[in-house]
Every structure is written in structure tokens, then in C-alpha cells.
Amino acid sequence: MGLSDRIKSNPRLKKLALWSLMPRNQARPRLWVKWFLNPLKHHKGKRSLIRRRTRMDVLPFNYFHLGNDSTIEDFATVNNGVGEVYIGDRTRIGLGCVLIGPVKIGNDIMFAQNIVVSGLNHGYQDINIPPSLQEVETKPIVIEDDVWIGANAVITAGVTIGKHAVIAAGSVVVKSVAPYTIVGGNPAKVLKQYNPETKLWERPPLK
């Protein structure tokens, strides 16, 4: 059994390890983790940029990847505490966005402002325990290449957004979105789809 497995299987060792990595009841890593561990563990691509006012709640026990020529703008938050966060090439994460893993974001993607993408859900079933203390559930979010997501959208756990899809501003996406599809609303519904035969974006037929 490796060191990592030994720590995970021993509650006392696990508690000590977590305390050494981040302050109690906080998601933010300690400074020594940020300065010394994370640069060895995580990947920051060529010409990529993380703005100074971005909050990087990134820890070494899950992976973080930022591709080439990608940017995370000011006031965004990135958290890989319960799952890896992967951001591809030439992708821009806009002002004030929140990314909570597990999340995989492809290439050439535009995030507008204040978008929430969270692969995490808190348990609530046991009424004798606060939801904050119950086991968490994770379902990966996948955002394929060339996607455009409008301001204030919410992408929920387990959703896949297909290539070249567009998510309208203010949408709450609770189901996967097919490639070349525009969705909007709460919950998000299909507004248009690209027709390769007519080469036009067309509204779906009324039901």
C-alpha cells in the first residue's frame, strides 16, 4: 500500500494531512502548499495567465491543468478539492466565474461573467446532520470545444455540453446539451440547432 492510500485509509492520518494542507473549515490551501507543492503538481501552459485577483483554491491531491494561451480573469474562483479541474487551450474564464471540480473544459471556449460550473453536490438526506457535514457527491462536468457560455449561467453536476454549443445568459443547465445547439432558460431548453443540410441555425419544431 502506497503512502497516499495509507493516509486515505486511516482517519487520523487523513485528518492530519488535510490540516497540513489547508486551515480548518476552509477550502483555501496554506501558503506553503501554494508556493512549493502546487507548482510541482499542476500544469500552467505557455502564455497562459491567471490574474492576480483570482482565488485559486487548488490543492495537490487533485489535478489542475491550464492549457496554452488560456486566461482566468480577476475575481474568479477555481476549486479542485473534490475533483480535478482541466482547462484546455485558448480558453477564457471570465470575471467572477466559479469552477468546482470535477470539471473538464476543452479548447477555444468563451466564458462570460459570473458563471458557476460545479461538479459537486452536498448530501442532505440525513435530517440529523447539517448538509455541510454530510458526504458530498460528485459527477463530472464536460464542456467540449468551441462552446460559448453567457453571463450568469449555471452548469450543474453531471452535465456534458457538446461542441460549438451556446448557452444563453442566465440559463440553468440541468441536462446535457447536444453539439451545435443553443439553449436558454431555467431549466435550459433547446432554442435552436444547426442543420448541416440547410447550413442554418433553426428552431426546433413545435410539439
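All heavy atoms count here, side chains included; hydrogens, waters and symmetry mates do not. Small disclaimer: the values here were computed from a predicted structure and weren't measured.
F64 and H42 have perpendicular rings, their planes meeting at more than 60° on a 0 to 90° scale where under 30° would count as parallel.
Within a 6.0 Å sphere centred on NZ of K163, other residues, nucleotides and ligands contribute 12 heavy atoms or fewer. Around atom CG of L133, more than 12 heavy atoms belonging to other residues, nucleotides or ligands sit under 6.0 Å away.
Atoms CE and CD1, from M110 and I115 in turn, are 10.0 Å apart once rounded to the nearest 0.5 Å. Note that CD1 of I161 is 4.5 Å distant from CD1 of I143, once rounded to the nearest 0.5 Å.
The shortest distance between side-chain heavy atoms of L200 and N195 does not fall below 4.5 Å. Looking only at side-chain heavy atoms (C-beta outward), L99 and I105 come within less than 4.5 Å of each other. Residues Y194 and H164 fail the side-chain proximity criterion, which asks for heavy atoms closer than 4.5 Å. R51 has its side chain out of reach of F75: every pair of non-hydrogen atoms, C-beta onward, lies at least 4.5 Å apart.
In this structure, V142 stands alone, with no Ile, Leu, Val, Met, Phe, Trp or Tyr side-chain heavy atom under 4.5 Å from its own, directly or through other members.
Under a 3.5 Å cut-off, the side chain of S70 and the backbone N or O of G88 do form a donor-acceptor pair. A donor-acceptor pair under 3.5 Å links the side-chain atoms of N68 to the main chain of K46, judged by distance alone. Within the 3.5 Å criterion, the main-chain N or O of G106 finds a donor-acceptor partner in the side chain of T91.
The side-chain hydrogen bond (donor to acceptor under 3.5 Å, both in side chains) test applied to T198 returns E202, not counting sequence neighbours.
Each salt bridge (Lys or Arg N to Asp or Glu O under 4.0 Å) pair with one or both residues in residues 90-113, not counting sequence neighbours, appears once here: E73-R92, R90-D108.
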